[in-house]
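Let me begin by presenting the structure, written as structure tokens, before commenting on it.
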Number of protein chains: 2
Amino acid sequence: MARKSATGRIGIADVAVKAGVSHATVSRVMNGNFTVDPDIAARVRAAAVELKYQPNPVGRSLALGKTDTIGIVVPDLANPTFQAILRGLSRAAAEDGYRVLIADSFEVSSEEAILAGEARRRCDGLVLCAPRMSDAELEEIAPSLHPLVLINRTTAAAGIPSLVVDYGQGVQDLAEHLVGLGHTRLAFLAGPAGSASNGLRLEGLEAFKTRHPQVAVTMLDGGSDFDTGHGAVDSVLASGATGILAFNDLVAMGLMSGLHERGVDVPGDISVTGFDDIPFARYTTPTLTTAAVPIAELGGQAWRELRALIRKEDHDAPGSRYQPRLEIRASSGPAKAPRTAAHG
Amino acid sequence: MARKSATGRIGIADVAVKAGVSHATVSRVMNGNFTVDPDIAARVRAAAVELKYQPNPVGRSLALGKTDTIGIVVPDLANPTFQAILRGLSRAAAEDGYRVLIADSFEVSSEEAILAGEARRRCDGLVLCAPRMSDAELEEIAPSLHPLVLINRTTAAAGIPSLVVDYGQGVQDLAEHLVGLGHTRLAFLAGPAGSASNGLRLEGLEAFKTRHPQVAVTMLDGGSDFDTGHGAVDSVLASGATGILAFNDLVAMGLMSGLHERGVDVPGDISVTGFDDIPFARYTTPTLTTAAVPIAELGGQAWRELRALIRKEDHDAPGSRYQPRLEIRASSGPAKAPRTAAHG
DNA sequence: GGCAAGCGAGAAAGCGTTTTCTCAGTGCTG
DNA sequence: CAGCACTGAGAAAACGCTTTCTCGCTTGCC
């Protein structure tokens, strides 16, 4: 009786029949339109409650041209950074009644554009974290993705806010910190080649090198996870550096773990710094010196930018630049006297 | 010209006009229906490419009665366990062309039912992690959420697969491990009161206590995060226990950090165990003895169960029970001789 | 008392697809 | 050569909702 629609679910028509009115009236009541007679409205509401009617969001989306959903594309859901962005975004969006659809590209950059397009079409807007996508491709697809907010990327395409963390500044701050502790041989354990944020770090290090020509900075290949750091122990030791700038906290933790296994003391023999200040960074042994990025806040800001775009507030798509804050903990310490001196 | 629909986006109608056919034919071509003349099909495809036509998923969903999207409700997106489930689920679902909509209840259990309902209506199925929801409420709403898969909960409602980790067994294994090392005074740093998985652990401990009446097991109030563990140092020390079973790895890490600050040696003075084997557990100092839960696999299995339900394969909604695997690392060691003995 | 204004609710037209139904046209067969 | 089966494409209905349009009824004023 109640279930007459083809899908087997209660529809607006069922409520209309039960209340003895047209579906138009039911719709009006459900949407708080006050041009409905209070008696009828009450009858409709009673019928809706009795039938446990819940409007079908798909029909609603089609009629309204909006889904109350936003999408986010991340390269790796296992990465704490993206988890935190997702969390901040989800929380902020939820407060405004929006839901979040996730698309994990699993580091397959060729998938990113397709995923982004698909996600965008299902949603009212998109947050894109695509560190590996080429600038050209990004610029090409960006307009079709509008409303769009970029994380840690910028593009020449117009009207696209970018939220970028100033990794260049952060890595310089960390390097200065190490130099201030007397280190003269540094090594940078790089992130994935082609990653935008790795590029920013490299630029920062170039600036640092011109400012401190006397400091040797070795570049080591790396990645973005534990295992990268753990596997880099040999090359780190071979470099002879006493201060190691790891790509991020994960790499730093992996490295510290590896150094610990080799009996290398941190920070006695070698100082290690991370990047991001993930929650775990303050619980490692020794606690990790790092550059703190207000990452959950970044997720929240991404939502606010996106919301402005969705609401078509003229807002000039300013975007924001986040300055990392140096977080000095126990993994960095004074440089050890050079080995030769210790020898004698 | 191309953009004539009200939304400003290219629709099937635009392609139809461009190709000089009806929308029905365009739809047929786009869906690979072979009853279309190859010449016309080619013309349609050319038009679609030229206009960059992409079908509107909302219209498609309405017509097909499916969204190719599933939802997941989690109590706390900041918890590595749920992150891992989400990741496993997302990856498995993506392989079958499904997307994941997330709903974070932020530990507000009164929201869980509403969130679950909303998410469900937008999706083809739902994975529900709602450890705090009452059995009664769960049983009441479960039928309306079908297809539904439960994580770490069971319900009397029919046809609902449950994926549960055997926390009771896991905690017993850990306790046995500590007893085997000579510990006779244990303490359990409990999780959130009312949490289903905490209940399972408590049941396991009861079983353990009846089997080992000579072992003292102190119950301490707790929570599920770092700060809980860190803040529990006093009560842990006051308990006089030498073997601490933390609710999960996060709590264990917080506790170890707090003990370290107090100069208490782990495992020399006190042994600490966690639960879950989150990726960080093998990088703490000392590395953490824990019970490993194949959590990402659980996400994948959740998808397979849900898929079977969506496809209406008769599958008897078996669900699965996951046995944690004891992961002995460095945070647990032989019990110290009683303090009195050391005194003399 | 008759007419205009106003209000409230039903009818119907979308929203963008898919899919069934229908029918024109072609090519066989008898 | 006529009729029939069959193929292939357009017309139209359906999915479930919102919203405009329209119209009947009531009310108020002259």
Side-chain angles (χ1 to χ4, degrees), chain A residues 2-45 47-48 51-68 118 120-124, chain B residues 2-45 47-48 51-69 118 121-124:
Chain A
R3 30 189 65 215
K4 75 170 228 200
S5 76
T7 62
R9 282 191 99 76
I10 308 257
I12 200 171
D14 303 285
V15 180
V17 169
K18 176 131 199 156
V21 297
S22 68
H23 11 285
T25 300
V26 176
S27 172
R28 278 188 274 259
V29 172
M30 300 306 288
N31 293 299
N33 185 323
F34 291 112
T35 69
V36 180
D37 184 289
D39 289 355
I40 296 185
R43 219 164 70 219
V44 168
R45 259 186 284 271
L51 296 176
K52 295 198 210 302
Y53 168 68
Q54 304 283 135
N56 177 325
V58 178
R60 207 152 186 278
S61 293
L62 189 60
L64 292 174
K66 68 201 196 81
T67 61
D68 290 345
E118 284 192 353
R120 174 59 188 84
R121 262 172 280 127
R122 297 190 128 74
C123 301
D124 298 343
Chain B
R3 32 188 62 215
K4 76 168 228 205
S5 77
T7 62
R9 284 191 95 77
I10 307 255
I12 200 172
D14 302 283
V15 180
V17 169
K18 176 130 201 157
V21 298
S22 69
H23 12 282
T25 299
V26 176
S27 173
R28 278 188 274 258
V29 172
M30 300 306 289
N31 293 301
N33 185 324
F34 291 111
T35 70
V36 180
D37 184 290
D39 289 355
I40 295 186
R43 219 164 69 219
V44 168
R45 261 187 283 271
L51 295 176
K52 294 197 209 304
Y53 167 68
Q54 304 283 135
N56 176 326
V58 179
R60 207 151 188 277
S61 293
L62 189 60
L64 292 174
K66 68 201 198 82
T67 61
D68 289 345
T69 301
E118 284 192 353
R121 261 171 280 128
R122 297 190 127 72
C123 301
D124 299 344

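Side-chain atoms are counted along with the backbone in the values below, which use heavy atoms only and exclude waters and symmetry mates. Every chain is numbered from 1 and lettered A, B, ... according to where its sequence line falls, protein lines coming before strand lines.
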Checklist outcome for this item: Given Watson-Crick and G-U pairs under 3.5 Å, DNA chain C in dot-bracket ([ ] crossing, | other strand) is ||||||||||||||||||||||||||||||

Next on the checklist: Using the side chain to side chain donor-acceptor pair (under 3.5 Å) criterion, which residues pair with A:Arg60? Sequence neighbours excluded.
Outcome noted: A:Asn31

Checklist entry - Sequence neighbours excluded, which residues qualify as salt bridge (charged side-chain N to carboxylate O under 4.0 Å, His left out) partners of A:Asp68? => result A:Lys66

Checklist outcome for this item: Tightest non-hydrogen contact, residues B:Ser22 and B:Ala16, listed as C-CB, 3.7 Å

Item to check | Side chain of A:Leu62 - closest among C:dG8, D:dG16, C:dG10 | outcome: D:dG16

Item to check | Pairs involving residues 22-39 of chain B, ordered by first then second residue, that meet salt bridge (charged side-chain N to carboxylate O under 4.0 Å, His left out) (sequence neighbours left out) | outcome: none

Item to check | Separation of D:dC15 C1' from A:Asp14 CG (nearest whole Å) | outcome: 14 Å

Next on the checklist: As an exercise, state the distance from CD1 of B:Ile10 to CG of B:Leu51, rounded to the nearest 0.5 Å.
Outcome noted: 5.0 Å

Item to check | Integer-rounded Å distance: C:dC7 C1' and A:Asn33 CG | outcome: 12 Å

Next on the checklist: I'd like to check the side chain to side chain donor-acceptor pair (under 3.5 Å) partners of B:Ser61; sequence neighbours left out, ordered by chain and number.
Outcome noted: none

Item to check | Rounded interatomic separation in angstrom, taking NZ from A:Lys66 and C1' from D:dC17 | outcome: 13 Å

Item to check | Spatial distance of atom OG1 (A:Thr67) from atom CG (A:Leu62) [nearest 0.5 Å] | outcome: 11.5 Å

Checklist entry - Excluding sequence neighbours, so at least two apart, what forms side chain to side chain contact (heavy atoms under 4.5 Å, CB included) with B:Ile12? => result B:His23, B:Val26, B:Ser27, B:Tyr53

Item to check | Any A:Val58 side-chain heavy atom under 4.5 Å of B:Arg122 side chain | outcome: no

Item to check | Flag side-chain contact, heavy atom, 4.5 Å: B:Arg45 against B:Val29 | outcome: yes

Checklist entry - Which residues satisfy the side chain to side chain contact (heavy atoms under 4.5 Å, CB included) test with A:Arg121, sequence neighbours excluded? => result A:Glu118, B:Arg9, B:Gln54, B:Pro57

List every contact pair, protein side and nucleotides 18-22 of chain C side both N or O, where the distance is under 3.5 Å.
unit_1: C:dT18; atom_1: OP1; unit_2: B:Asn31; atom_2: OD1; d: 3.2
unit_1: C:dT18; atom_1: OP1; unit_2: B:Asn31; atom_2: ND2; d: 3.0
unit_1: C:dT18; atom_1: OP1; unit_2: B:Arg60; atom_2: NE; d: 2.8
unit_1: C:dT18; atom_1: OP2; unit_2: B:Ser27; atom_2: OG; d: 2.4
unit_1: C:dT18; atom_1: OP2; unit_2: B:Asn31; atom_2: ND2; d: 3.3
unit_1: C:dT18; atom_1: O5'; unit_2: B:Ser27; atom_2: OG; d: 3.4
unit_1: C:dT20; atom_1: O4; unit_2: B:Arg28; atom_2: NH1; d: 3.4

Checklist entry - Which part of the nucleic acid does A:Val21 contact within heavy-atom distance under 4.0 Å: base, sugar-phosphate only, or nothing? => result sugar-phosphate

Item to check | Smallest separation among heavy atoms of A:Met30 and A:Ala48, with atom names | outcome: SD-CB, 4.3 Å

Could I get a table of every N or O pair under 3.5 Å where one atom is in the protein and the other is in nucleotides 23-28 of chain D?
none

Next on the checklist: Below 4.0 angstrom, which residues in residues 36-45 of chain B have at least one non-hydrogen atom near DNA chain D?
Outcome noted: B:Val36, B:Asp37, B:Ile40

Checklist entry - CZ of A:Arg122 versus P of C:dT17: gap in Å, rounded? => result 13 Å

Checklist entry - Can you name the residues that form a side chain to side chain contact (heavy atoms under 4.5 Å, CB included) with B:Ala63, not counting sequence neighbours? => result none

